[in-house]
Amino acid sequence: MSEEKLPARAENFSEWYNQVVQRAELADYAPVRGCMVVRPYGWSLWENIQAALDRRFKATGHVNAAFPLFIPMSFLEKEKEHVEGFSPELAVVTIGGGEKLEEPLVVRPTSETIIGYMYSKWIKSYRDLPVLINQWGNVVRWEMRTRLFLRTLEFYWQEGHTAHATEKEAEEETLRMLNIYTRFAVDDAAVPVIPGRKSNTEKFAGAVRSYTIEAMMGDTRALQAGTSHNLGQNFAQAFDIRYLDVNNQLQYCWTTSWGLSTRFIGAIIMTHGDDQGLVLPPRLAPIQIVIVPIYRNDAEKAQVMPVVERISRELTESNFRVKVDDRTEVTPGFKFNDWEMRGVPLRLEIGPKDVQNNSVMSARRDQPGKEGKKSLSQDQLPGQIAELLTDIQASLFDRALAFRDAHIFDPHDYEELKEIVQNGWAFSWWCGSDECEAKVKEDTKATTRCIPLDQPGGKGTCIVCGKPAEEKVYFARAY
RNA sequence: CGGGGCGUGGCUCAGUCCGGUUAGAGUGCACGGUUUGGGACCGUGAGGUCGGCGGUUCAAAUCCGCCCGCCCCGACCA
């Protein structure tokens with residue numbers, strides 16, 4: 001840790017974010033512009049995210065596989081919208097082994113095309129369906145402006161790709177996976193999200209319909225935290241993914257794709273972080289409990305350390321992720337600040353007084369300072385800790401939800417909308433036209449984030465043009 | 001790619017306008033000692049082709065030219 005204080009979030013959110021990422025040792029800048037190195041602590045967080053999602057994918061019948069990093073350029077060109085959407089941000093390999101390649105290879109920006117090609121080989125009959133495959137991997141998109149985790153040239157993610165016999169099944173799958181993302185965000189990451197449908201201009205290049213979970217960050221800007229796409233028959237037609245149905249009729253498949261990336265780490269940082277640094281939800285935190293031994297001399301150390309070791313072992317055996325900070329070269333006060341910067345949900349201090357009193361001092365990360373401190377008995381510690389962690393997890397969610405709801409407004413007119421999106425989200429009736437959407441973007445930089453699945457019902461008039469509108473949409477400035 | 005800013009020990013920066021001893025500070029790092037329940041202190045030490053190349057000059061971190069890189073604001077996006 002270098003400088004002592006972080007910039008206040010309220011003063012300079014963007015600089016606060018950059019420093020938290022680096023000082024918590026989640027990631028660092030790579031020597032290539034726009035690329036990041038995910039450091040062990042950040043990767044460990046990602047592994048926990050992976051495990052939480054993968055468990056949910058497996059529970060709904062999905063299996064993992066791995067497809068190549070390189071995709072023939074011609075594949076991208078087979079789906080018109082897809083190539084138009086992605087060509088500006090492709091990295092292309094033209095030389096291999098010192099020879100110019102006959103056909104350039106694209107470093108995958110996403111894998112619909114190469115997986116579509118394989119699916120056309122594998123799927124012959126309705127008996128082969130559905131195909132439910134997920135891939136954990138990395139992709140490359142040549143972005144102009146980059147931020148650690150939020151937008152880098154290369155990022156890690158999972159992409160699910162499924163093929164179905166009917167349109168209905170594909171739509172069900174698309175919404176099922178959107179719901180899994182929602183459950184993951186809410187239950188595992190304590191990040192409140194709004195599941196909804198993307199507007200035409202915001203949808204995935206090549207999709208019929210795109211769905212998203214949108215989250216509000218600590219500066220009120222919106223972050224698209226995961227997406228699920230109903231691809232219709234667009235890729236099935238482009239890659240000839242067909243099957244024989246029960247009547248021996250040749251039919252095109254209906255496909256979907258869905259993805260969630262390391263960007264979600266950015267969502268966690270910007271949802272829960274405070275002026276002391278990172279705050280991690282207990283269910284995903286690489287370290288859930290850090291134990292700081294307190295002693296002034298060798299005699300006290302000899303008393304304290306056995307208790308520290310015993311409690312550490314006891315908690316580890318109860319399946320908590322525990323770290324003992326036994327560094328001798330820094331003071332306890334330094335360690336407190338250090339682990340707060342890294343967002344560890346719960347700290348236990350164990351000193352001579354605790355050895356005397358059969359106690360430990362606990363400190364909750366979500367309540368910095370004295371309010372978060374409480375002396376616990378050493379008896380039945382795992383049960384007490386479990387309760388505390390559950391409570392921290394819940395209070396992180398509640399706090400984020402309260403913050404979000406306090407920054408969503410329903411403007412009475414367009415002028416009011418323009419003000420709202422400067423520091424919040426506007427939830428408004430919208431006629432659905434590209435023109436009205438574009439006007440808001442031009443006037444305010446805010447875009448439509450999603451048309452939430454949960455609609456108030458009834459009808460209204462478009463906040464921009466005043467024409468009849470059937471759905472309400474969120475407008476917000478986004479990452 | 002357009003507009004703005006910046007490149008000096010690992011990091012943050014002073015010094016550059018007005019050229020002139022051996023290029024500084026804070027922090028970090030190493031070693032020794034005293035400390036340790038909210039970012040300890042003292043001492044010693046290591047660490048620099050001043051982004052690169054060229055020019056002007058007796059003399060360049062400092063002046064001039066070209067190049068490279070990074071950051072911020074726009075256009076593009078998970």
Side-chain angles (χ1 to χ4, degrees), chain A residues 1-7 12 14-15 18-19 22-23 28-34 84-90 109-110 138-147 149-159 181 198 201-205 210 212-215 222-229 257-267 276-277 292-298 300-301 304 325-341 347-357 359-363 368-370 372-373 375 441-442 445 447 449 478-479:
Chain A
M1 304 296 95
S2 43
E3 308 98 301
E4 299 196 347
K5 283 262 187 291
L6 282 170
N12 190 346
S14 157
E15 189 52 31
N18 289 337
Q19 288 200 24
Q22 288 188 80
R23 290 170 64 179
D28 201 355
Y29 294 101
V32 180
R33 180 195 76 85
E84 280 173 8
F86 281 104
S87 58
E89 51 189 64
L90 294 179
T110 178
N138 54 343
V139 287
V140 169
R141 300 180 187 178
W142 214 264
E143 301 290 350
M144 297 300 194
R145 294 191 56 197
T146 57
R147 298 283 306 278
F149 291 119
L150 301 176
R151 180 167 296 106
T152 46
L153 297 199
E154 180 190 19
F155 59 89
Y156 301 87
W157 74 345
Q158 59 67 218
E159 44 178 326
Y181 288 153
K198 281 289 182 189
T201 57
E202 293 280 329
K203 79 175 169 62
F204 177 75
S210 285
T212 175
I213 51 171
E214 294 286 323
L223 185 80
Q224 178 173 309
T227 49
S228 185
H229 314 290
S257 67
W258 25 275
L260 186 147
S261 75
T262 38
R263 171 182 249 201
F264 201 93
I265 292 175
Q276 319 309 320
V292 179
I294 313 282
Y295 50 79
R296 272 167 303 194
N297 49 50
D298 284 349
E300 287 185 353
K301 183 176 181 181
V304 165
D325 188 349
D326 56 5
R327 284 178 290 178
T328 54
E329 69 274 21
V330 290
T331 61
F334 181 91
K335 293 176 185 177
F336 298 168
N337 287 284
D338 197 19
W339 293 109
E340 280 167 15
M341 178 68 73
R347 178 180 76 239
L348 298 181
E349 304 166 18
I350 302 176
K353 291 179 212 162
D354 298 298
V355 174
Q356 295 283 307
N357 304 332
S359 63
V360 300
M361 184 59 78
S362 68
K370 280 210 179 87
K373 281 205 175 191
S375 183
K441 186 172 183 181
E442 182 162 340
K445 289 182 191 166
T447 51
R449 297 323 303 156
Y479 276 98

C70(B): pairing nucleotide in any strand, Watson-Crick or G-U under 3.5 angstrom: G5(B)
Spacing of the C1' atoms in A30(B) and G10(B) (rounded, Å): 13 Å
Touch class at under 4.0 angstrom, heavy-atom based, for Tyr29(A) against every strand present: nothing
Spacing of Trp339(A) atom CH2 relative to G39(B) atom P, expressed in whole Å: 18 Å
Along RNA chain B (nearest heavy atom to each residue), the more 5'-positioned of Thr152(A) and Arg147(A): Arg147(A)
Residues, nucleotides or ligands: over 12 heavy atoms within 6.0 Å of Asn297(A) CG: yes
Residue Arg296(A) excluded, over 12 heavy atoms near CZ under 6.0 Å: no
Under 3.5 Å on both distances, the Watson-Crick or G-U partner of C76(B): none
Spatial distance of atom NZ (Lys335(A)) from atom CD1 (Ile294(A)) [nearest 0.5 Å]: 7.5 Å
Within 6.0 angstrom of Lys373(A) NZ, more than 12 heavy atoms from elsewhere: yes
Under 4.0 Å protein heavy-atom contacts per nucleotide of nucleotides 33-38 of chain B, with B for base, S for backbone only and - for none: ---BBB
Partner set under salt bridge (Lys or Arg N to Asp or Glu O under 4.0 Å) for Lys301(A), not counting sequence neighbours: none
Watson-Crick/G-U partner (both atom distances under 3.5 Å) of G48(B): none
Interatomic distance, Met144(A) CE vs G2(B) P [rounded to whole Å]: 12 Å
Rounded distance in Å - CG (Leu153(A)) to P (C70(B)): 11 Å
Distance, C1' atom - from A25(B) to U57(B), rounded to whole angstrom: 31 Å
Strand partner of G65(B), provided both Watson-Crick or wobble distances fall under 3.5 Å: C53(B)
Atom pair distance, as rounded to whole Å: NZ in Lys445(A) and C1' in C77(B): 16 Å
Close side-chain approach of Thr152(A) to Glu143(A), heavy-atom, < 4.5 Å: no
Same-atom distance (P) from C72(B) to G65(B), integer angstrom: 28 Å
Touch class at under 4.0 angstrom, heavy-atom based, for Leu150(A) against every strand present: base
Set of ring pair (Phe, Tyr, Trp, His ring centres under 6.0 Å) partners for Tyr479(A), sequence neighbours left out: none
Spacing of the C1' atoms in U8(B) and C13(B) (rounded, Å): 9 Å
Strand partner of G38(B), provided both Watson-Crick or wobble distances fall under 3.5 Å: none
Sugar-phosphate, base or nothing in reach of Thr227(A), heavy atoms under 4.0 Å: nothing
Value in whole Å for how far the C1' atom of C71(B) lies from CZ of Arg151(A): 17 Å
Euclidean distance for P, U62(B) against G15(B) (whole angstrom): 15 Å
Nucleotide C71(B), atom P - distance to CG of Asn18(A) in whole Å: 10 Å
Base-pairing assignment for G43(B) (Watson-Crick or G-U wobble, both under 3.5 Å): C31(B)
Aromatic ring proximity Phe204(A)/Phe86(A), centre distance under 6.0 Å: yes
G54(B) versus C18(B) - spacing of their P atoms, nearest Å: 26 Å
Pairwise C1' distance, G24(B) and C64(B) [rounded to whole Å]: 27 Å
Nearest-angstrom distance from the residue atom CG of Leu6(A) to P of G39(B): 17 Å
Nearest-angstrom distance, P atom, G26(B) to G69(B): 35 Å
Between CE on residue Met361(A) and CD1 on residue Ile350(A), distance to nearest 0.5 Å: 11.5 Å
Base partner of U12(B), which must satisfy Watson-Crick or wobble distances under 3.5 Å: A25(B)
Asn12(A) CG - C72(B) P separation (whole Å): 10 Å
